[in-house]
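These notes concern the structure reproduced below.
Below, chains carry the letters A, B, ... as their sequence lines are ordered, and counting in each starts from 1. Computation of the quantities below employed the complete heavy-atom set of this structure, encompassing side-chain atoms and omitting hydrogens, waters and symmetry-equivalent molecules.
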Amino acid sequence: MADISPSTSNVPNEAGRFGLFGGRYVPETLTKALNELTTAYTEAKQDSVFQNQLTELFNDFVGRPSPLYFAERLTAHCGGAEIWLKREDTNHTGAHKINNTLGQALLTMRMGKKRVIAETGAGQHGVATATACARFGLECVVYMGAEDIRRQAPNVFSMKLLGAEVRAVETGSRTLRDAINEAMREWMSSVENTHYIIGSVVGPHPFPLIVRDFQSIIGQEARQQSLERFDALPDLLIACVGGGSNAAGLFYPFIDDADVAMLGVEAGGRGSQPGDHASPLSYGEHGILHGSMSYVMQDEDGQTCDVHSISAGLDYPGVGPEHSYWKDSGRVEYTSCEDDDAMHAFDTLTQCEGILPALESSHAIAAAMQQACKLGPSKRIVVCLSGRGDKDSNEIARIKKEMATAAASNQ
Amino acid sequence: MSAIDTTFEELRSLGKTAFIPFITAGDPDLEFTGQVLAELEKCGANICELGIPYSDPIADGPVIQASYTRALNQRIKLNAILDNAQTWTAGLSTPLVTMVSYSIIHRQGLERYVAQAKHAGIAGAIVPDLLVEEAPQFAAICAREDFSLIQLVTPTTPHDRALRICETTSGFLYYVSVTGITGARQELPPEVVDQVSWLKSKTELPVCIGFGISQAAQVKMLSQVADGIIVGSAIVKRVASAAEIGKAAALENVRTFVQELVAEL
């Protein structure tokens with residue numbers, strides 16, 4: 001039985017703890033900036049001018065509220081519960097990431113800083129950061145793993161057009177995890193005049209709190225739209241989880257609604273063997289990575305393991321501390337979806353609804369298709385369609401060619 | 001009193017500044033690490049810092065990062081490092097401390113890590129990602145076990161916070177000379193001297209300076225105020241030269257360099 005106390009949403013505490021998880025495990029050099037950020041955010045949260053400015057940006061620049069769309073043909077295809085899509089793919093820049101980067105760009109200026117750094121995996125957060133920086137005239141440097149630069153070429157080009165400098169990270173697995181390491185190292189030196197816009201609900205306190213709050217617009221809108229459209233709350237919420245920002249944004253405003261079930265979907269990659277997936281909530285251990293305590297894929301010495309996902313945005317060995325808290329309290333269930341199932345969901349949604357989902361979001365769609373069959377027609381599922389798939393078209397073409405070649409050689 | 005406290009007591013009575021070199025365990029292999037430690041002691045090191053390789057070091061620059069990667073690529077495990085350390089410390093009179101990420105300590109279990117390290121003859125730990133707010137539990141174990149917990153103060157640390165850090169620090173206080181990551185710098189910020197003088201006026205702890213130091217002139221200047229000088233990347237770089245010029249020549253490189261720095265103290 002889930003432990004849903006009225007206080008489940010009342011986290012983190014002042015030390016940035018979500019139960020056991022979260023906190024702050026970083027070099028002393030960063031403490032001052034993190035304290036400044038905490039103060040700036042606490043003040044901004046109470047400041048109606050700041051909040052109005054953000055709302056205006058959400059409405060006129062991002063195009064919010066994003067639609068809650070009834071996926072009629074997908075629902076019929078699955079033959080069960082109604083599938084509704086929270087269309088974050090319709091946002092300016094094509095994903096939920098812009099909700100966070102605009103909020104943090106406003107905070108950057110509030111703190112009197114003029115330069116921003118960011119990391120990116122799929123490139124969506126990089127583009128969203130570069131966009132916010134262009135909008136406000138902030139200098140922008142984006143760290144991106146060399147492997148991800150290959151996988152997400154269109155986004156790299158967009159970032160450069162937007163005036164950002166993209167720095168390739170050649171260390172480690174050359175993916176999101178290494179991009180975060182490199183961004184944090186640069187922040188160690190530039191912390192006095194630079195803000196680090198982290199892209200997910202990860203990192204040291206107060207980042208998991210700030211990113212969750214800025215992304216909560218997803219769940220706030222979905223809640224109101226559900227009441228308007230079907231006069232009830234959804235029975236089940238589903239979102240993909242890499243670091244977990246779109247999931248946290250959708251789930252958080254419903255956390256105290258005990259009748260709303262929630263399912264987070266991690267990247268199951270090629271299977272359950274270590275190194276084949278990126279599912280710390282399903283297979284990982286309590287550990288420390290990138291400044292907070294959470295579930296993480298690590299070996300018996302505490303060294304972070306290499307992980308795999310078809311989608312660059314989910315290819316991460318850690319996860320936000322609040323998801324770890326929700327998992328251990330039983331409030332949210334977590335599962336994982338393998339590469340092939342995500343690809344199948346990508347094709348199905350594209351063909352049934354005329355919507356190309358991001359490979360990340362395709363993991364959530366795959367889980368929704370399964371759950372819809374299980375739940376039956378009287379139930380409603382809201383899925384966060386966190387981003388659009390145009391950025392993945394080259395990668396999908398490559399994978400489909402590989403699959404065709406493999407199929408041909410098996411015949 | 002830990003071995004580190006004894007070392008500083010002796011140095012103070014002689015009016016001397018400690019030389020504290022850093023090397024990475026298992027770079028390129030554990031046997032060579034043992035040889036380098038012995039050489040460092042011969043050259044006049046007073047305490048040696050042993051870096052435990054970690055997959056995601058945030059505070060380290062390219063030189064130390066690369067050394068961690070080399071060691072981890074050799075699949076060097078914590079158990080093997082600590083087993084070897086037991087042999088090394090038996091042959092050294094210089095205390096050995098580990099520079100170790102809290103990710104590794106947390107994974108071992110705090111009690112178990114301290115017990116294992118003590119069993120290996122290690123005198124303390126520098127934990128670069130353990131802030132004073134998160135430190136109480138580990139600090140209590142270290143205090144009970146007489147295992148030095150060396151904490152860091154940086155140029156961005158406000159004065160009141162620095163004093164709070166001193167309260168749970170033992171062995172020595174590590175003053176980080178620069179706002180940034182490890183790695184040799186041509187110039188160090190001029191305010192280092194004032195900062196360290198202020199700290200020394202407020203704490204009985206020895207105050208040692210690290211990050212960025214690679215030149216004899218820097219050692220000479222900082223030895224006027226510091227109780228110890230920590231040099232890492234500049235030594236690790238010379239250890240790494242073994243891959244090109246062989247271990248004997250790399251060891252000779254380390255010897256020449258360290259002797260040059262120690263001569264300034």
Query raised in the report: Using non-hydrogen atoms only, which part of A:Thr31 is less than 4.5 Å away from chain B: side chain, backbone, both, or neither?
Result: side chain
Query raised in the report: Is the side chain of B:Arg185 donor-acceptor paired with the backbone N or O of B:Leu188 at a distance under 3.5 Å, no angle test?
Result: no
Query raised in the report: chain B heavy atoms under 4.5 Å from A:Val191: which part of the residue, side chain, backbone, both or neither?
Result: side chain
Report task. Look at atom NZ of B:Lys237 and say whether more than 12 heavy atoms of other residues, nucleotides or ligands are closer to it than 6.0 Å. Result -> no
Report summary line: Counting heavy-atom pairs under 4.5 Å with chain B, the top scorer among A:Met293, A:Lys32, A:Met184, A:Glu300 is A:Glu300
Report summary line: Okay, A:Glu182 and chain B: the region with an atom under 4.5 Å from a heavy atom over there is side chain
Requested in this report: Check whether any side-chain heavy atom of B:Leu30 sits under 4.5 Å from a side-chain heavy atom of B:Ile81, and report yes or no.
Outcome: yes
**Report entry** Structural part of B:Ile52 lying under 4.5 Å from a heavy atom of chain A
**Finding:** neither
Requested in this report: Counting only heavy atoms closer than 4.5 Å, note whether A:Ser190 contacts chain B via side chain, backbone, both or neither.
Outcome: neither
Report task. Report the option among A:Ala33, A:Pro204, A:Cys305, A:Pro27 that has the most heavy-atom pairs separated by less than 4.5 Å from atoms of chain B. Result -> A:Pro27
Report task. Determine whether A:Thr175 and A:Asp178 make a side-chain contact, defined as any pair of heavy atoms from C-beta on separated by less than 4.5 Å. Result -> yes
Report summary line: chain A shares the most heavy-atom pairs under 4.5 Å, among B:Gln108, B:Glu134, B:Gln65, with B:Glu134
Query raised in the report: What part of A:Glu192 is in contact with chain B, defined as an atom under 4.5 angstrom from a non-hydrogen atom: side chain, backbone, both or neither?
Result: side chain
Query - For chain B, the option from A:Asn35, A:Asp299, A:Asn181 that forms the most heavy-atom pairs under 4.5 Å - result: A:Asn181
Query raised in the report: Any side-chain heavy atom of A:Tyr41 sitting closer than 4.5 Å to one from A:Asp213?
Result: yes
Query raised in the report: What residue in B:Asn79, B:Leu78, B:Val127, B:Val176 has the most heavy-atom pairs under 4.5 Å with chain A?
Result: B:Leu78
Report task. Measure the acute angle between the ring planes of B:Phe211 and B:Tyr174, then classify it against the limits of 30° and 60° as parallel, tilted or perpendicular. Result -> perpendicular
Requested in this report: Go through the atoms of B:Thr69 and report whether side chain, backbone, both or neither lie under 4.5 Å from a heavy atom of chain A.
Outcome: neither
Query raised in the report: So which of B:Leu131, B:Ile105, B:Asp56 has the largest heavy-atom pair count under 4.5 angstrom toward chain A?
Result: B:Asp56
Requested in this report: Determine the interplanar angle of the A:Tyr334 and A:His323 rings, folded into 0 to 90°, and report it as parallel if under 30°, tilted if 30 to 60°, perpendicular if over 60°.
Outcome: perpendicular
Requested in this report: Please say whether more than 12 non-hydrogen atoms of neighbouring residues, nucleotides or ligands are located less than 6.0 Å from NZ in B:Lys77.
Outcome: yes
Query raised in the report: Less than 4.5 Å apart, any side-chain heavy atom of A:Arg185 and any of B:Pro57?
Result: yes
Report summary line: Scored by heavy-atom pairs under 4.5 Å with chain B, the best of A:Met188, A:Arg24, A:Glu28 is A:Glu28
